[in-house]
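Here the structure is a predicted model, which means the values were calculated and not measured.
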Amino acid sequence: MSTIVEHAHPELGFLRKYVFSTDHKIIAIQYIITAMTMAVIGGLLSMMMRLQLAWPTPTGRGPIITAIWSFLASIFPNAVPSGVMLPEFYLSLITMHGTIMVFFLFTAILTGGFGNFLIPLQIGARDMAFPFLNALSYWIFLLSCFVILGALFATGGAPLGGWTAYAPLSAIPEAGPGQALGMTLWILAIALFSASGLMGGLNYVTTLLTMRTRGMSMMRLPLTQWSLFITAVLGILAFPVLLAAGILLLFDRIGGTSFFIPGGIVMNEQVIEHTGGHPLLWQHLFWFFGHPEVYIVILPAMGIASDILANFCRKPIFSYRMMVYALSAIAFLSFIVWGHHMFLSGMSPVMGSLFTLTTLLIAVPSAIKTFNWLGTLWGARIRFTTPMLFVLGFVTTFVSGGLSGIFLGTSAADIAMHDTYFVVGHFHLVMAVSPLFAGFAGLYYWFPKMFGRMMNATLGKVHFWISFIGVNFVFHTMHSLGIVGHLRRIYDPLQYEFLQPLQGMNIFISLAAFMLGSAQLLFLINFFSSIWVGKKAGANPWHATTLEWTVPSPPGHGNFGGELPTVHRWPFDYSLPGAKEDFVMQNEPLSARKAT
């Protein structure tokens with residue numbers, strides 16, 4: 001009785017409970033809703049890009065497309081005068097779309113959203129190790145969102161140096177439209193985001209190492225927890241590099257230093273008074289962070305997909321330990337492959353060969369995970385629920401995108417393809433579509449635990465099939481365009497004679513992208529309507545085995561009531577011989593004849 005009283009708490013007001021909360025579950029939902037808002041903004045920017053690439057001039061526009069261009073001209077009269085987009089505005093769309101999606105959607109929702117919600121629930125803890133720091137990390141993240149959106153409306157326009165912000169373009173305020181205040185706000189937003197990520201990473205590692213419940217050894221953790229733990233370690237090591245690089249970039253811009261600016265640069269017919277800097281230093285610092293960032297995004301997706309896959313196959317994940325070792329190997333190798341982003345920067349053949357070797361080597365643990373997923377699917381009694389469909393979509397897009405990465409991992413092929421749409425197609429399949437599908441799978445799967453209601457299954461399956469068809473139409477066609485030589489950052493393909501016969505492919509991609517974007521409206525309708533009118537969910541609607549499914553939906557304060565659970569088994573006891581049902585939960589004691 002005394003234990004129950006210890007975890008009782010006074011009733012909190014609305015603001016304290018749902019806005020300024022230190023409860024990890026509320027903070028997770030705040031991350032998810034904020035990231036979804038940023039996704040809508042980033043997605044709209046990409047729709048404007050596709051509109052420009054398909055119909056860059058008034059010639060050939062039908063009445064519907066002409067009406068859309070007229071609407072854009074009314075909203076952005078200086079950027080789209082008379083329905084013709086300015087090139088600098090198009091470059092700012094590229095910059096802001098990439099920045100918002102990579103940092104403020106994928107990283108935020110997979111680590112901030114799922115990490116906050118699942119870590120205490122799946123390890124048997126009442127909350128994070130540092131609840132106040134957890135709340136602070138979200139509010140700093142939210143502040144970074146406002147700052148990056150402020151760059152869209154900055155005097156002079158949004159930055160146009162790309163989401164990688166290559167120097168010296170990003171280091172000189174006079175370099176072009178948007179490179180003054182807009183670029184400064186971009187740097188501040190990324191610095192705030194890095195600080196938020198560091199806080200979250202330290203909290204995750206501390207919680208996972210010190211607050212696991214009785215019996216929850218590291219080798220009894222769900223693979224989602226392993227992926228979040230390794231991701232947190234990656235973030236702790238990588239985010240300080242980006243933060244330091246951003247500070248140095250600010251010094252160059254406003255302090256007169258020359259970390260990234262070489263001497264002799266002429267801007268607006270004037271010599272820039274900087275000497276001794278080197279633009280490649282920024283590339284090294286950015287990509288030393290940037291490639292681990294790829295796995296900061298993809299590793300949680302892998303963990304989420306693995307746990308959901310095992311559930312709806314109704315069998316244990318194939319070779320659990322090898323999955324853990326593969327996750328760890330990917331994380332280690334991610335720090336020694338950054339040079340493959342710089343094959344065109346003037347790299348010696350020896351270094352190019354070394355980075356080619358490490359880049360191809362990282363395919364080995366990735367292949368191990370893929371074969372383990374296939375081994376889990378082999379002979380399984382698959383349940384084709386909405387979460388399972390998105391997991392299968394994740395596996396297929398990750399594999400197909402990874403195969404095109406083999407070409408880009410070799411310096412000889414990358415030199416020819418680096419500045420083409422082949423890279424755009426590869427990057428989006430691996431870095432965008434794959435984690436997006438895993439994120440959708442996680443949202444459909446854990447939605448009943450978050451809100452106590454089920455999402456509509458029919459709408460979910462329609463959402464999947466339109467999305468799956470759409471992404472394949474869009475990004476595989478981009479591979480074909482890239483092989484022909486379609487350049488990455490051009491705003492009007494019709495200016496190039498050799499691309500004019502291929503304009504039909506650009507129109508096809510744009511129409512498929514609009515179809516893909518419209519499918520996400522189905523998801524938003526399903527998500528928000530189900531919070532209020534969805535079918536009520538029980539504690540364990542998916543017949544899963546992990547600890548979060550042992551508590552009510554949604555869980556109350558402290559998660560586990562008066563007494564924390566004791567773990568007796570690993571998280572994949574599906575279809576266990578002799579069991580009453582085809583799943584056995586982690587907190588169920590072992591029988592004497594089945595003791596481990």
Side-chain angles (χ1 to χ4, degrees), residues 1-8 24-25 117-129 207-229 303-304 306-325 372 376 380-381 383 387 445-446 448-450 452 537-596:
M1 183 68 179
S2 60
T3 306
I4 298 176
V5 173
E6 180 184 349
H7 296 289
H24 72 98
K25 300 181 291 294
F117 189 79
L118 293 176
I119 288 176
L121 285 169
Q122 288 195 332
I123 69 171
R126 300 199 179 279
D127 209 314
M128 288 291 188
T207 304
L208 277 158
L209 291 181
T210 66
M211 298 185 66
R212 301 190 310 277
T213 192
R214 294 180 299 273
M216 181 63 82
S217 65
M218 293 296 287
M219 282 300 171
R220 284 178 173 173
L221 287 174
L223 286 170
T224 299
Q225 295 306 305
W226 268 108
S227 67
L228 290 168
F229 173 71
I304 289 169
S306 300
D307 285 344
I308 296 175
L309 187 78
N311 183 320
F312 295 114
C313 285
R314 310 312 293 171
K315 60 185 290 192
I317 196 75
F318 185 86
S319 190
Y320 170 86
R321 288 183 178 271
M322 286 305 299
M323 294 286 275
V324 173
Y325 299 150
N372 285 356
T376 306
R381 296 178 289 113
R383 298 179 179 178
Y445 185 69
W446 281 293
K449 188 55 58 179
M450 293 178 182
N540 191 7
W542 304 118
H543 296 164
T545 62
T546 46
L547 293 180
E548 75 270 27
W549 303 107
T550 66
V551 298
S553 301
H557 180 79
N559 295 337
F560 294 97
E563 185 176 351
L564 293 175
T566 299
V567 171
H568 299 278
R569 58 184 72 238
W570 74 327
F572 297 108
D573 269 344
Y574 293 103
S575 302
L576 193 66
K580 294 181 180 179
E581 300 182 82
D582 69 346
F583 68 101
V584 183
M585 307 195 78
Q586 282 191 281
N587 63 335
E588 292 191 24
L590 298 166
S591 63
R593 65 185 180 88
K594 293 178 181 175
T596 56

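- Expressed to the nearest 0.5 Å, how far CD1 of I119 lies from CZ of R212 amounts to 12.0 Å.
- Between the side chain of W226 and the main chain of M218, a donor-acceptor pair closer than 3.5 Å is present.
- We find the NZ-OH distance between K315 and Y574 to be 13.5 Å, quoted to the nearest 0.5 Å.
- Looking at heavy atoms from C-beta onward, M128 lies in side-chain contact with P120 at the 4.5 angstrom threshold.
- One finds the CZ atom of F318 at 14.0 Å from the CZ atom of F572 (value rounded to the nearest 0.5 Å).
- Within the 3.5 Å criterion, the main-chain N or O of A539 finds a donor-acceptor partner in the side chain of K449.
- Formation of a donor-acceptor pair under 3.5 Å by the R569 side chain with backbone atoms of P589 is found in this model.
- Side-chain atoms of P555 and K25, non-hydrogen and from C-beta on, do get closer than 4.5 Å to each other.
- Remark: the backbone N or O of V584 is not paired with any side-chain donor or acceptor of T545 at under 3.5 angstrom.
- The heavy-atom pair separating T207 from D127 by the smallest distance is CG2-O, 4.2 Å.
- When all heavy atoms of L564 and G124 are compared, the closest pair comes out as CD2-O, 3.5 Å.
- Heavy-atom minimum distance, G538 versus S553: O-OG, 3.0 Å.
- We find the CG-OG1 distance between L547 and T213 to be 7.5 Å, quoted to the nearest 0.5 Å.
- Checked by atom type and distance alone, the side chain of Q586 pairs as donor or acceptor with a backbone atom of R220 at under 3.5 Å.
- M219 has its side chain within reach of Y320: a pair of non-hydrogen atoms, C-beta onward, lies under 4.5 Å apart.
- Looking at N559, its side chain does come within 3.5 Å of a backbone N or O of A125 through a donor-acceptor pair.
- Atom CD in Q122 sits 8.0 Å away from atom CE in M216 (nearest 0.5 Å).
- Between Y445 and W542, the ring planes lie parallel to each other; the angle is under 30°, not in the 30° to 60° tilted range.
- Side chain to side chain, N587 and T550 fail the donor-acceptor criterion of an N or O pair below 3.5 Å.
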Query raised in the report: Which is it for F583 and N311 under the side-chain contact (heavy atoms from CB on, under 4.5 Å) test, yes or no, and what are the steps along the way?
Result: CA-CA 9 Å; F583 68 101; N311 183 320; over 6 Å; no

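- Side-chain atoms of N540 never come within 3.5 Å of backbone atoms of W549 as a donor-acceptor pair (strictly under, hydrogens ignored).
- The side-chain heavy atoms of T224 and L228, taken from C-beta on, include a pair separated by under 4.5 Å.
- With rounding to the nearest 0.5 Å, the separation of CE in M322 from CD1 in I317 is 13.0 Å.
- Crowding of F560 atom CZ: a count of heavy atoms from other residues, nucleotides or ligands under 6.0 Å exceeding 12.
- Inspection of the S575 and R381 side chains reveals an N or O donor paired with an N or O acceptor under 3.5 Å.
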